Colleague: 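Next up is a structure, given as structure tokens.
In this text the structure is predicted, and so the values were computed from the model without any measurement.
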Amino acid sequence: MDAELKTFGIRLTTNKYELSKEITKHQEDSYKKSLTQAADPPELIELRAQLLEALGQFLSSDNKETPHQKIRDWAHYTGERASHGGIDLDQALKQITVYRTVIWGECTKELEEKHLSASTILQLRKTLDPILDEICYIFSHVYVEYNKQVIEKAQAKMQELSVPVVTISKDIAILPLIGELDATRSKLLMEIALQRSIETKINHLIIDLSGVPIVDTMVANNLYQVISSLKLIGVEATLTGIRPEIAQTLVQLGIRFEDIRTRASLQQTLSEIGL
């Protein structure tokens with residue numbers, strides 16, 4: 001039986017390109033279209049042939065670890081490529097059944113030509129099915145992790161854009177805040193305000209709160225820390241646009257900005273500094 005397994009493994013390796021083309025024929029048209037947008041057809045044939053060769057080596061070699069690692073590396077690489085190319089995960093995983101179909105088609109031919117016994121066919125299934133299942137697991141895990149990283153980067157970029165520091169003169173910049181200030185955005189506010197103030201070498205930052213619907217104790221304390229930190233690097237801060245209901249809430253909470261410069265509106269502040 002072992003000799004037959006090795007012979008079949010050699011056949012997979014020898015016929016890897018023909019079988020790779022056979023896999024392409026069996027794949028859904030929509031999936032082929034998605035793939036060709038992500039890579040050239042010759043590259044895809046080569047990629048599929050690499051897996052078939054590794055599977056063949058796994059069956060024909062006494063040392064299983066090296067080809068097994070090649071299979072795992074293949075699943076990792078293709079999972080990342082599929083995610084990067086925008087191919088749907090469920091659509092990509094469905095195509096693993098095509099590999100099974102083509103491989104078992106080869107098994108049927110070998111059985112008909114009496115090169116393989118029925119017991120060897122069963123052994124092949126017991127050997128290859130767990131490997132193909134492992135490919136699906138690694139592929140999907142890498143795909144999900146890569147997508148997660150892309151989403152996290154996009155969210156970080158959006159958060160940065162939600163704290164825009166706009167220079168209006170050599171020494172003055174405006175930080176217009178719009179929307180709710182949660183814990184994450186408040187922390188980002190301090191980082192970006194300090195970083196951009198140093199980069200632009202301003203000495204006055206106007207923080208406009210007219211677009212902020214709610215200022216609670218946490219947000220007020222964070223704003224106070226931001227302004228105190230700016231003062232330490234030589235940047236004067238002015239708070240503008242504190243709405244009446246927010247001012248009332250701050251007083252009720254016992255939060256006071258007595259030592260911080262505040263103005264009713266951005267226009268008033270700009271008028272005072274001659275802009």
Colleague: Please examine the side chains of Leu51 and Ile135, heavy atoms only from C-beta on, and report whether any two atoms are closer than 4.5 Å.
Modeller: yes
Colleague: Under a 4.5 Å cut-off applied to non-hydrogen side-chain atoms, are Asn147 and Leu89 in contact?
Modeller: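 Contact flag for Asn147/Leu89 side chains = no.
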Colleague: With a 4.5 Å cut-off on side-chain heavy atoms, are Met190 and Asn222 touching?
Modeller: no
Colleague: Would you find a donor on one side and an acceptor on the other, under 3.5 Å apart, between the side chain of Trp74 and the backbone of Leu47?
Modeller: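 Confirmed, Trp74 side chain pairs with Leu47 backbone.
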Colleague: What I want to find out is whether Glu106 reaches Lys109 closely enough, with some N-O distance under 4.0 Å, to be called a salt bridge.
Modeller: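 Here Glu106 pairs with Lys109 in a salt bridge, since their nearest N and O are under 4.0 Å apart.
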Colleague: Roughly how far apart are Ile207 CD1 and Leu209 CG, rounded to 0.5 Å?
Modeller: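 Reported value, rounded in 0.5 Å steps: 7.0 Å.
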Colleague: Apply the test side chain to side chain contact (heavy atoms under 4.5 Å, CB included) to residues Glu22 and Thr101: give CA-CA distance (whole Å), side-chain angles for both, the deciding distance (0.1 Å), then the verdict.
Modeller: CA-CA 10 Å; Glu22 188 69 22; Thr101 301; over 6 Å; no
Colleague: Do Ile202 and Ile172 come close enough that some side-chain heavy atom pair is under 4.5 Å?
Modeller: no
Colleague: How is the hydrophobic cluster of Ile138 composed, in terms of its other members, when Ile, Leu, Val, Met, Phe, Trp and Tyr link through side-chain heavy atoms under 4.5 Å apart, directly or indirectly?
Modeller: Tyr137, Val142
Colleague: Considering non-hydrogen atoms only, spot the tightest contact between Ser20 and Ala49 and give its length.
Modeller: OG-N, 3.8 Å
Colleague: Check the pair Arg100 / Asp129 against side chain to side chain contact (heavy atoms under 4.5 Å, CB included), numbers first and verdict last.
Modeller: CA-CA 8 Å; Arg100 295 184 200 268; Asp129 275 345; 2.8 Å; yes
Colleague: Check whether more than 12 heavy atoms from other residues, nucleotides or ligands sit under 6.0 Å from atom NZ of Lys201, and answer yes or no.
Modeller: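 No, not enclosed.
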Colleague: Do Cys107 and Leu124 have side chains that get closer than 4.5 Å, going by heavy atoms?
Modeller: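 The answer is yes, as the side chains (C-beta and beyond) meet within the 4.5 Å cut-off.
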Colleague: So, using side-chain hydrogen bond (donor to acceptor under 3.5 Å, both in side chains) as the criterion, who are the partners of Thr240 when residues are at least two apart?
Modeller: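 In terms of side-chain hydrogen bond (donor to acceptor under 3.5 Å, both in side chains), with neighbours along the sequence ignored, Thr240 is linked to Asp208.
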Colleague: Heavy atoms only: give me the nearest Lys16-Leu52 pair and the separation to one decimal.
Modeller: O-CD1, 3.4 Å
Colleague: State whether a side-chain donor-acceptor pair under 3.5 Å links Gln195 with Glu191.
Modeller: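 Side chains of Gln195 and Glu191: no pair found under 3.5 Å.
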Colleague: Going by ring pair (Phe, Tyr, Trp, His ring centres under 6.0 Å), name the pairs with one or both residues in residues 52-71, residues two or more places apart or in two chains.
Modeller: Phe58-His68
Colleague: Are Leu239 and Leu232 connected in the hydrophobic side-chain network, where two residues link if heavy atoms are under 4.5 Å apart?
Modeller: no
Colleague: For Arg243 and Val212, indicate whether the former's side chain and the latter's backbone hold a donor-acceptor pair under 3.5 Å.
Modeller: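 Answer holds: yes.
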Colleague: Taking the side chain as C-beta and beyond, is there a heavy-atom pair between Leu55 and Ile131 under 4.5 Å?
Modeller: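 Answer yes - side chains close enough.
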Colleague: Let me check something: do Leu122 and Leu132 share a hydrophobic cluster, defined by ILVMFWY side-chain heavy atoms less than 4.5 Å apart, either directly or through other members?
Modeller: no
Colleague: Hey, what do you get for CD1 (Ile103) to CZ (Arg125), rounding to the nearest 0.5 Å?
Modeller: 10.5 Å
Colleague: Looking at Arg72 and Glu65, is any side-chain nitrogen of the basic one under 4.0 Å from a carboxylate oxygen of the acidic one?
Modeller: yes
Colleague: How many angstroms lie between OG in Ser210 and CD in Gln267, if you round to the nearest 0.5 Å?
Modeller: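 With rounding to 0.5 Å, OG (Ser210) is 12.0 Å from CD (Gln267).
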Colleague: Any non-hydrogen side-chain atom of Glu134 less than 4.5 Å from a side-chain atom of Ile71?
Modeller: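 Glu134 does not reach Ile71 side chain to side chain.
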Colleague: Of all the heavy-atom pairs spanning Glu43 and Tyr77, show the shortest one and how long it is.
Modeller: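 Nearest pair, atom of Glu43 first, then Tyr77: OE2-OH, 4.3 Å.
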Colleague: Going through the distances and angles, do Tyr17 and Glu46 end up as a side chain to side chain contact (heavy atoms under 4.5 Å, CB included)?
Modeller: CA-CA 7 Å; Tyr17 289 111; Glu46 181 63 40; 2.9 Å; yes
Colleague: How many angstroms lie between atom CD of Glu18 and atom CD1 of Ile23, to the nearest 0.5 angstrom?
Modeller: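 So the CD of Glu18 and the CD1 of Ile23 are separated by 11.5 Å.
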Colleague: Where is the tightest heavy-atom contact between Thr13 and Gln57, given as atom of each residue plus distance?
Modeller: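 What the structure gives for the nearest pair is OG1-N, 3.8 Å.
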Colleague: Mind checking the CG-CG spacing from Leu205 to Leu175? Nearest 0.5 Å is all I need.
Modeller: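 The CG atom of Leu175 is 5.5 Å from CG of Leu205, to the nearest 0.5 Å.
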Colleague: In Å and rounded to the nearest 0.5 Å, what is the OG1 to CD distance from Thr14 to Glu53?
Modeller: 9.5 Å
Colleague: If hydrophobic clusters are built by linking Ile, Leu, Val, Met, Phe, Trp and Tyr wherever their side-chain heavy atoms come under 4.5 Å apart, do Phe8 and Ile10 end up in the same one?
Modeller: no
Colleague: A side-chain contact here means heavy atoms from C-beta on lying under 4.5 Å apart; do Ile174 and Thr269 qualify?
Modeller: no
Colleague: Establish, from distance only, whether the side-chain atoms of Glu80 and Tyr143 form a donor-acceptor pair under 3.5 Å.
Modeller: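 There is no such pair (donor and acceptor under 3.5 Å, judged by atom type) between the side chains of Glu80 and Tyr143.
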Colleague: Minimum heavy-atom separation for Ala54 and Lys70, please, with both atom names.
Modeller: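 Closest approach of Ala54 to Lys70, heavy atoms only: CB-CB, 4.1 Å.
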Colleague: Would you say the side-chain atoms of Ser197 pair up with the backbone N or O of Ala193, donor to acceptor, closer than 3.5 Å?
Modeller: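 Judged by distance alone, yes, a pair lies under 3.5 Å.
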